[in-house]
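First comes the structure, then the notes that go with it.
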Amino acid sequence: MIPVKSYAAPSAVSPLAPFNFERRDVGVNDVQIDILYCGVCHSDLHQARDEWGGSIFPMVPGHEIVGRVLKVGAGVKNFKVGDLAGVGCFVDSCRTCPNCQAGLQQYCDFGMTGTYNAYERNSKIPTYGGYSTQIVVNEDYTLKVSDKLALEGVGPLLCAGITTYSPLRYTGVGKGHKVGVVGLGGLGHMGVKFAASFGAEVTMLSTSASKEADAKKLGAHNFALTTDPNKMKSLRNHFDFILNTISAPHEYSAYLNLLKTNGTMMVVGVPPRPSEVPSFDLIMNRRSIVGSLIGGIPETQEMLDYCAQHNIVSDVEVIDMPYINEAYERMLKNDVKYRFVIDLASLK
């Protein structure tokens, strides 16, 4: 077994604290990774505080992992010692269902195995995430990371990045399209970067006028204050696509009415309660709502390669591991641009 240092949530009401545990030994098809950086996703906080229910404690969060390969199993073909590697939101799936066979492991018919707050396949051994010094993962669920990118900004690509890249690719966003991005946070700022890089005309839709300058620095061509009734009226039937990243309670109808005929709203945010969808807002202009969950291994690798070619990373604030509880409180206040990333050297 491999001794590992980490920070874990002992319970839903306890702050994260140092926690030592052991990883499994490197198997024939495994890759052992020395973790360099791990992004801090809002879902880490939700699950550490059991806000979604079913949390497994003690919990080591973290599913935006970037590091360097320390050891590989005898059967590993795609990685060697010294390579940069990444691990995203899941570390296994059934591998045999139609979705897994199609490279859509995130939609595994039997449920993907989360990088943390899950159980290893066919066992009661909990998975522990990237707020730790090392991780061991099957090579089929390990991603190649380019040395062309600033590593501290790569980790969030494995969650916030792929969460926005996947629906934009699925719906075919590109040149000539008008895209609205709702919400400028960890997801929204990546949505702006990707949509702009794909050639679309991007408008940031926000309740905060103070975000206009940042939105345009990220690549947005236009900015619309959603609390301005006249501005919202002028944008009716304007967009081909809207990427909705909001996780706070809100009404979908306000944004559906901004879509053209045959327009699509892509939903990647998860509000705490269901949002009403008036049927007429869909029927009258044949509008659609599509949901999307991260991406499979092939698409995530495609995204990482695309980012290396176009020099796209997440905008981050790097923190030391002991700062994590303060980072959680700041995250609740939206006091970060736009992702906290842990430097795991602070734990070694």
- Path from Ile294 to Val40 over hydrophobic side-chain contacts below 4.5 Å: yes
- Please determine if Asp281 and Arg287 form a salt bridge, counting it only when a charged side-chain N lies under 4.0 Å from a carboxylate O. no
- Message: Under 4.0 Å between a side-chain nitrogen and a carboxylate oxygen: does that hold for Arg49 and Glu329?
- Response: yes
- Kindly indicate, with the supporting measurements, whether the criterion side chain to side chain donor-acceptor pair (under 3.5 Å) is fulfilled by Ser314 and His189. CA-CA 8 Å; Ser314 182; His189 94 285; 3.2 Å; yes
- Gap between atom CD1 of Ile135 and atom OG1 of Thr115 - 0.5 Å precision: 6.0 Å
- Message: Tell me whether the rings of His46 and Trp52 are parallel (<30°), tilted (30 to 60°) or perpendicular (>60°).
- Response: parallel
- Item | Any donor-acceptor pair under 3.5 Å from Thr127 side chain to Gly114 backbone | yes
- If you round to the nearest 0.5 Å, how far is CG of Leu158 from CE of Met303? 5.5 Å
- Message: Is there a path of hydrophobic side-chain contacts, each under 4.5 Å between heavy atoms of I/L/V/M/F/W/Y residues, joining Ile319 to Leu344?
- Response: yes
- Is Phe239 close to Leu205 at the side-chain level, that is, under 4.5 Å between some pair of heavy atoms? yes
- Do other residues, nucleotides or ligands put more than 12 heavy atoms under 6.0 Å from the CD atom of Glu22? yes
- Task: Enter the distance from Arg236:CZ to Asn285:CG here, rounded to the nearest 0.5 Å.
- Result: 9.0 Å
- Might you confirm whether atom CZ of Arg24 has over 12 heavy atoms from other residues, nucleotides or ligands at distances under 6.0 Å? yes
- Query: Distance from Leu293 atom CG to Phe90 atom CZ, nearest 0.5 Å?
  - Reply: 8.5 Å
- Query: Can you tell me if Asn222 and Glu201 form a side-chain donor-acceptor pair at under 3.5 Å?
  - Reply: yes
- For the atom pair CD1 (Ile297) and CD (Gln105), what is the distance rounded to the nearest 0.5 Å? 5.5 Å
- Item | Worked verdict on Glu326 versus Arg330 for salt bridge (charged side-chain N to carboxylate O under 4.0 Å, His left out) | CA-CA 6 Å; Glu326 288 86 346; Arg330 284 181 56 193; over 6 Å; no
- Task: Could you pull out the closest heavy-atom pair between Ser292 and Val268, with the gap in Å?
- Result: O-CG1, 4.0 Å
- Task: Would you please say whether a donor-acceptor pair under 3.5 Å links the side chains of Asn325 and Tyr7?
- Result: no
- From Ser93 OG over to Asp140 CG, what is the distance, rounded to the nearest 0.5 angstrom? 9.0 Å
- Item | Where His221 and Ala200 come nearest, the two heavy atoms and their spacing | CE1-O, 3.1 Å
- Note on the structure: Of all heavy-atom pairs linking Gly88 and Leu143, the shortest is N-CD1, 4.3 Å
- Task: Would you name the heavy atoms of Met265 and Leu259 that are closest together and state the gap between them?
- Result: N-CD1, 3.7 Å
- On the ring face of Tyr141, is Arg95 found with NZ or CZ under 6.0 Å from the centre and within 45° of the axis? no
- Item | N/O donor-acceptor pair under 3.5 Å between Thr245 side chain and Gly183 backbone | yes
- Message: Centroid separation under 6.0 Å, is that true for the rings of Phe19 and Tyr128?
- Response: yes
- So, Arg23 side chain and Val136 main chain: donor-acceptor pair closer than 3.5 Å or not? no
- Item | Exercise: do Arg121 and Thr113 side chains pair donor with acceptor under 3.5 Å | yes
- Message: With side chain to side chain contact (heavy atoms under 4.5 Å, CB included) as the criterion, how do Val182 and Ile242 come out once you've worked through the C-alpha distance, each side chain's angles and the decisive distance to 0.1 Å?
- Response: CA-CA 7 Å; Val182 188; Ile242 289 176; 3.5 Å; yes
- Query: Under 30°, 30 to 60°, or over 60°: which ring-plane class applies to Phe194 and Tyr306, parallel, tilted or perpendicular?
  - Reply: tilted
- Task: Please assess Asp214 against Tyr338 for the test side chain to side chain contact (heavy atoms under 4.5 Å, CB included), listing each intermediate value before the final yes or no.
- Result: CA-CA 11 Å; Asp214 280 353; Tyr338 285 97; 3.1 Å; yes
- Taking atom CZ of Phe57 as the centre, report whether more than 12 heavy atoms of other residues, nucleotides or ligands fall under 6.0 Å from it. yes
- Query: Is it the case that His250 and Asn244 place a side-chain donor and acceptor less than 3.5 Å from each other?
  - Reply: yes
- For Ser14 and Pro10, indicate whether the former's side chain and the latter's backbone hold a donor-acceptor pair under 3.5 Å. no
- Message: Looking at Pro322, is its backbone amide N or carbonyl O close enough to the side chain of Asp320 to form a donor-acceptor pair, meaning the two atoms are under 3.5 Å apart?
- Response: no
- Message: Tell me the closest heavy-atom pair linking Val81 and Leu70, and the distance in Å.
- Response: CG2-O, 3.5 Å
- Message: Between the side chains of Lys80 and Asp83, is the shortest nitrogen-to-carboxylate-oxygen separation below 4.0 Å, so that they form an ion pair?
- Response: yes
- Query: What do you reckon, are the aromatic ring centroids of Tyr323 and Tyr328 less than 6.0 Å apart?
  - Reply: no
- Query: Taking Asp315 as the fixed residue, which of Lys193, Lys217, Lys337 is the one that meets the salt bridge (charged side-chain N to carboxylate O under 4.0 Å, His left out) rule?
  - Reply: Lys193
- Task: Consider only side-chain N and O atoms of Gln301 and Asp305, and report whether a donor and an acceptor are under 3.5 Å apart.
- Result: yes
- Just by distance, with hydrogens left out, do Ser208 and Ser210 show a side-chain donor and acceptor under 3.5 Å apart? yes
- Item | Gln47 and Tyr116: CA distance, side-chain angles, deciding distance, side chain to side chain donor-acceptor pair (under 3.5 Å) verdict | CA-CA 10 Å; Gln47 295 189 85; Tyr116 72 90; 3.0 Å; yes
- Criterion side chain to side chain contact (heavy atoms under 4.5 Å, CB included) on Tyr255 and Ile246, from CA distance to verdict: CA-CA 11 Å; Tyr255 303 106; Ile246 300 177; 3.9 Å; yes
- Residue pair Ala160 / Leu187: nearest heavy atoms and the distance that separates them: CA-CD2, 3.6 Å
- Item | Polar side-chain atom of Thr142 near backbone of Asn138 as donor-acceptor pair, under 3.5 Å | yes
- Note on the structure: side-chain hydrogen bond (donor to acceptor under 3.5 Å, both in side chains) test vs Gln134 passes for just one of Gln32, Lys5, Lys71, namely Gln32
- Message: Are Leu332 and Leu16 connected into the same hydrophobic cluster when the rule is that any two of I, L, V, M, F, W, Y join if their side-chain heavy atoms are below 4.5 Å apart?
- Response: yes
- Report whether Phe110 and Leu104 are members of the same hydrophobic cluster (ILVMFWY, side-chain heavy atoms less than 4.5 Å apart, transitive linking). no
- Item | N/O donor-acceptor pair under 3.5 Å between Asp50 side chain and Gly54 backbone | yes
- Query: Is a donor on one side and an acceptor on the other found under 3.5 Å between the side chain of His310 and the backbone of Cys307?
  - Reply: no
- Is the side chain of Glu139 donor-acceptor paired with the backbone N or O of Asn78 at a distance under 3.5 Å, no angle test? yes
- Task: Give the cluster check for Leu235 versus Met284: same hydrophobic cluster or not, with ILVMFWY residues linked at side-chain heavy-atom distances below 4.5 Å.
- Result: no
- Could you verify whether a donor N or O on one side chain and an acceptor N or O on the other, from Glu299 and Ser166, lie under 3.5 Å apart? yes
- Task: Taking the six-membered ring of Phe241 (Phe, Tyr or Trp), confirm whether the NZ or CZ of Lys178 is under 6.0 Å from its centre and within 45° of its axis.
- Result: no
